[in-house]
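Keep in mind that the numbers below use all heavy atoms, side chains included, and drop hydrogens, waters and symmetry copies. By convention in this document, chain letters (A, B, ...) are assigned in the order of the sequence lines, proteins followed by strands, and residues within each chain are numbered from 1.
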Amino acid sequence: MTDLTNLTLEAALGGMAKGEFSSVELTQAHIDACQAGAKLNAFITDTHELALEQAKASDARRAKGEAGLLEGAPLGVKDLFCTEGVKTCAASKILGDFTPTYESSVTANMKADGMVMLGKLNLDEFAMGSSNETSAYGPVINPWRKDEDLVPGGSSGGSAAAVAADMCLGATATDTGGSIRQPASFTGTVGIKPTYGRCSRWGTVAFASSLDQAGPIAKTVKDAAILLESMAGYDAKDSTSLNIDVPKWSESCGKSVKGLRIGIPKEYSIDGMPAEIQSLWDKGIAWMKDAGAEIVPITLPHTKYALPAYYVVAPAEASSNLARYDGMRYGLRVDGVDLNDTYDRTRTEGFGKEVRRRIMIGTYVLSAGYYDAYYLRAQKVRTRIVEDFENAWQTCDAILTPTAPSAPFAVGRKVNDPVQMYLNDIFTVTTNLAGLPGISVPAGLNEDGLPLGLQIIGKALDEDTVFAAASALEKAAGFSAKPEKWWV
Amino acid sequence: MFTAERVGDPRDYIKGESGDWEIIIGLEVHAQVASNSKLFSGSSTEYGSEPNSQVSLVDAGMPGMLPVVNEFCVEQAVKTGLGLNAQINLFSRFDRKNYFYVDLPQGYQISQFEHPIVGEGEIEVLPIDADGNTLEPVTVGIERLHLEQDAGKSVHDLSPDETYVDLNRCGVALMEIVSKPDMRSPEEASAYVDKLRGIVRALGTCDGDMEKGNLRADVNVSVRKPGGELGTRCEIKNVNSMRFIRQAINYEARRHIEIIEAGGTIDQETRLFDSVKGETRTMRSKEDAHDYRYFPDPDLLPLKLEQSFVDKVKADLPELPDAIKARFMADYNLSEYDARILTADKTKSDFYEAVAKGRDAKIAANWMMGDLFGALNKASTDLEDSPVTADMLGGLLDRIADKTISGKIAKTVFEKMFEGGGTADDIIEKEGLKQVTDTGAIEAMVDKAIADNAGQAAAAKENPKLLGFFVGQVMKASQGKANPQAVNEILRKKLGL
């Protein structure tokens with residue numbers, strides 16, 4: 001038998017449907033890969049025994065003809081999704097060994113569809129980071145390597161690394177400013193952030209509520225579509241959840257893009273952008289043209305204000321969302337001389353440096369006297385950015401941009417320079433601010449043999465077009481490179 | 001800007017060493033929304049349950065939990081707004097009020113800051129002086145009404161060095177009703193709260209139970225020279241009875257005057273009312289005031305109401321106390337005083353109406369306000385728990401009306417009824433209290449009385465006052481059951497008066 005871990009999700013589901021192998025066999029192969037890849041530090045919590053039990057139960061369901069959309073597929077879950085009976089800590093010390101009594105809506109949907117969960121994936125603490133170096137459980141190492149250890153991107157670094165290293169067939173992730181797409185770009189995987197409101201936020205540890213959105217990281221565009229079909233759906237428990245049907249996105253993959261108008265925003269050609277990124281983008285434009293799309297130059301004039309606005313809004317919401325971690329009811333508590341001292345000690349010890357930095361920024365921008373200058377102004381920028389896209393849709397159907405301004409960088413390189421780190425999100429934050437879907441597709445390798453991704457941005461709720469364009473890009477790029485398994 | 005145009009009645013001024021002072025009062029009333037479940041979670045709101053037995057994952061601030069607004073609570077707020085003759089805002093928004101405390105699991109309270117669900121309104125208030133006299137009506141402006149979550153309860157007295165937290169109340173819906181600074185005396189302030197209480201109870205949007213803390217007031221007090229520039233105000237938190245509201249205002253106003261007249265200045269601060277000592281004391285000063293960092297709650301969409309929804313709520317609005325009072329005065333010919341007492345809340349007005357319908361309205365009012373309220377008062381119980389129902393009282397009045405019993409016997413029947421003796425008919429039957437109207441029987445008793453007291457009978461002609469003596473004798477012989485009118489008539493005849 002071929003190595004089952006090389007399969008795509010689509011192929012693995014097909015193989016099980018045809019009876020070529022069982023979920024138990026498939027799951028065991030991935031457990032072996034996870035164990036062999038421990039060095040990458042992609043997982044915080046392994047649930048291998050549980051996975052084998054779930055696989056067994058899944059095989060039994062399949063035998064009875066009750067196979068769900070993800071039946072028997074061994075997947076990873078970012079440790080931001082609460083999982084009933086399985087430790088969920090958001091890569092933070094402050095949650096300690098917190099074990100939820102409830103299951104997030106997204107993972108509950110996937111479980112109902114037959115998912116097998118291999119474990120909880122590492123991430124930047126509370127999803128705050130672009131390199132997966134802020135995790136209290138240590139950095140995730142990118143399976144792609146050049147002389148030294150590289151970061152997998154963040155915050156869904158564990159998800160991206162595990163999929164790239166064939167440790168799971170796909171993984172859940174979340175994206176607040178690029179946390180699905182940038183790690184996908186850094187690891188040669190596909191990652192989509194759907195329209196805000198497609199996936200319920202209920203049971204997912206909140207970072208910035210108005211920006212957070214779950215999505216998958218997968219090996220192919222079609223795999224991403226299959227996973228998203230399972231993850232998405234209306235949930236009355238989330239007031240921002242959209243009450244609309246989930247289309248069969250997997251059927252949009254491979255659809256012709258003939259006549260599709262692809263916008264190229266001039267503002268995304270930023271100063272100091274590496275030539276390799278510009279040339280990849282040019283290639284992408286040529287591929288889309290070859291596939292029959294019409295290339296349209298567009299302008300998104302407020303793009304340059306997006307990143308600063310994002311780094312006001314996201315920390316503001318985070319400072320409030322993270323107030324509940326006070327040592328009173330669950331997780332870490334460091335007793336002090338009085339209540340305020342207990343708060344101080346608990347939160348100083350429990351939160352890492354980056355999280356504390358963002359809580360401080362968020363608290364500051366919401367303070368009396370600063371609210372108008374920062375938070376309110378950032379919200380105005382957000383409105384302008386939404387309008388930019390609205391205007392763009394007058395002349396195009398989707399937008400093509402690079403996903404990240406660079407290839408993966410070395411562990412430790414940017415960790416002490418927050419501004420450099422924040423720049424990683426420059427092409428991705430706009431879609432979060434506007435609530436639009438965005439996908440990253442691996443499009444090539446740079447001179448160092450490291451993966452680079454391109455991004456397709458779509459209209460709200462138009463994931464169909466996003467998947468069609470992404471699969472056209474995927475086909476043209478023919479990206480089939482895999483990292484050498486140096487960690488085995 | 002905080003302005004206060006109305007100048008109060010000189011009768012309400014406080015005399016200081018430097019002359020008259022006027023009190024400026026504004027109130028923030030927190031009224032718990034009558035609802036079976038909390039504002040943003042499905043937890044029950046039942047009072048008096050085991051600590052922490054009514055706490056959902058949302059209330060406890062567990063990771064990843066999200067609020068979903070309870071539409072019934074929204075409807076209750078709209079209803080209340082309409083009852084306050086206020087503007088209903090079709091667009092409103094929930095904001096987070098951020099602060100840390102042990103009984104606030106989320107680390108923020110969801111409230112409405114910039115865009116409340118209800119805007120300006122006004123109600124007419126009738127202050128009552130210490131002797132129970134109604135003073136002229138005062139119009140009190142409503143600044144706004146907004147919805148917000150209550151916090152949990154911290155219990156400090158179970159252990160010397162630990163604080164316990166009960167989250168049952170956490171997340172329960174409150175309506176914060178903010179008045180304009182339109183009140184000028186403690187009586188006006190308590191009349192305002194009384195009026196609000198009557199309105200929310202009539203609407204069924206809050207049970208108004210101040211003892212349970214379901215309706216409580218934050219009282220803002222400042223003093224000024226009559227009509228002059230406003231002074232610095234202090235806020236007295238969580239005052240939970242009408243009497244305490246008056247006491248707190250009186251104390252606080254005098255404290256301000258004393259400080260100012262001694263050359264001092266008032267610090268803007270938040271104070272507590274100590275009901276045992278009858279005084280207020282500092283809770284926190286302005287310097288310690290929180291920066292709540294309000295911002296729109298990103299977990300909730302703005303609240304958008306349809307005008308048709310508001311219209312429907314308005315159409316279904318029950319009759320409000322003012323309207324009931326006016327109707328009672330017109331339909332039942334009640335005095336303003338009686339109508340006011342009998343429409344103080346919905347229980348009273350419903351009760352009265354059930355008794356008065358088809359009966360003598362004035363007699364019904366007298367019985368309710370006199371005998372019934374007196375008995376309830378003596379038994380320290382409320383009309384809600386009255387052993388005598390409206391039907392029972394009505395039944396008693398029917399027996400007086402059809403002369404089955406006299407008014408005097410009715411008092412006895414009422415007493416027995418109050419003690420649980422059954423309906424008036426049961427008691428009259430069982431105790432044999434039916435009035436004797438049989439003239440033959442009365443005549444016999446009259447004859448016997450005259451025979452037994454021949455001397456007085458002879459004297460009666462000269463001294464008609466002796467009639468009373470004979471009436472007494474006959475009534476005594478009949479054990480009070482003889483129809484007094486018949487007794488009178490027969491006696492007059494037989495005594496030749």
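Within residues 363-374 of chain A, the residues that have a heavy atom under 4.5 Å from a heavy atom of chain B are Thr363(A), Leu366(A), Ser367(A), Ala368(A), Tyr371(A), listed by number. Contact annotation for residues 91-99 of chain A against chain B (heavy-atom separation below 4.5 Å, listed by residue number): Leu95(A), Phe98(A).
Both the backbone and the side chain of Asp299(B) come within contact range of chain A, with heavy atoms under 4.5 Å apart. Heavy-atom distances place no part of Ala208(A) under 4.5 Å from chain B, backbone and side chain included. At a 4.5 Å heavy-atom cutoff, Phe81(A) makes no contact with chain B through either its backbone or its side chain. Contact of Asn340(A) with chain B is not made at all, since no heavy-atom distance falls under 4.5 Å. If you measure heavy-atom distances from Ala90(A) to chain B, you find no contacts under 4.5 Å at all. Contacts of Tyr108(B) with chain A are made by side-chain atoms alone, with heavy-atom separations under 4.5 Å and no backbone atom involved.
Separation of atoms CE (Met328(A)) and OH (Tyr101(B)) is listed at 10.0 Å; rounding is to 0.5 Å. To the nearest 0.5 Å, the span separating CG on Asp326(A) from CD on Gln106(B) amounts to 11.5 Å. Interatomic distance, OG1 of Thr101(A) versus CG of Leu57(B), reported as 5.0 Å (0.5 Å rounding). Atom OG in Ser239(A) sits 6.0 Å away from atom CG in Leu301(B) (nearest 0.5 Å).
Between Ser319(A) and Phe295(B), the closest side-chain pair of non-hydrogen atoms is not below 4.5 Å. Residues Arg293(B) and Ser320(A) have side chains not in contact (no heavy-atom distance under 4.5 Å, counting atoms from C-beta outward).
Ser209(A) places no side-chain N or O within 3.5 Å of a backbone atom of Asp297(B) that could act as its donor or acceptor partner. Using modelled atom types, no side-chain atom of Arg201(A) and backbone atom of Gly64(B) make a donor-acceptor pair closer than 3.5 Å.
In this structure, Asn36(B) places its CG atom where only 12 or fewer heavy-atom neighbours from other residues, nucleotides or ligands lie under 6.0 Å away. Few gaps surround CZ on Arg357(A); more than 12 heavy atoms of other groups in view lie less than 6.0 Å from it. Heavy-atom contacts from other residues, nucleotides or ligands closer than 6.0 Å to CD of Gln307(B) number more than 12.
In terms of non-hydrogen atom pairs under 4.5 Å with chain B, the most contact-rich of Ala206(A), Ser200(A), Gly203(A), Ala236(A) is Gly203(A). For the set Pro67(B), Gly107(B), Pro298(B), the entry with the most heavy-atom pairs within less than 4.5 Å of chain A is Pro298(B).
When all heavy atoms of Leu66(B) and Lys237(A) are compared, the pair lying nearest together is CB-O, 3.7 Å. The minimum heavy-atom distance linking Ala323(A) with Phe100(B) is given by the pair O-CE2, 3.4 Å. Residues Met62(B) and Arg324(A) come closest through the heavy atom pair O-NH1, 2.8 Å.
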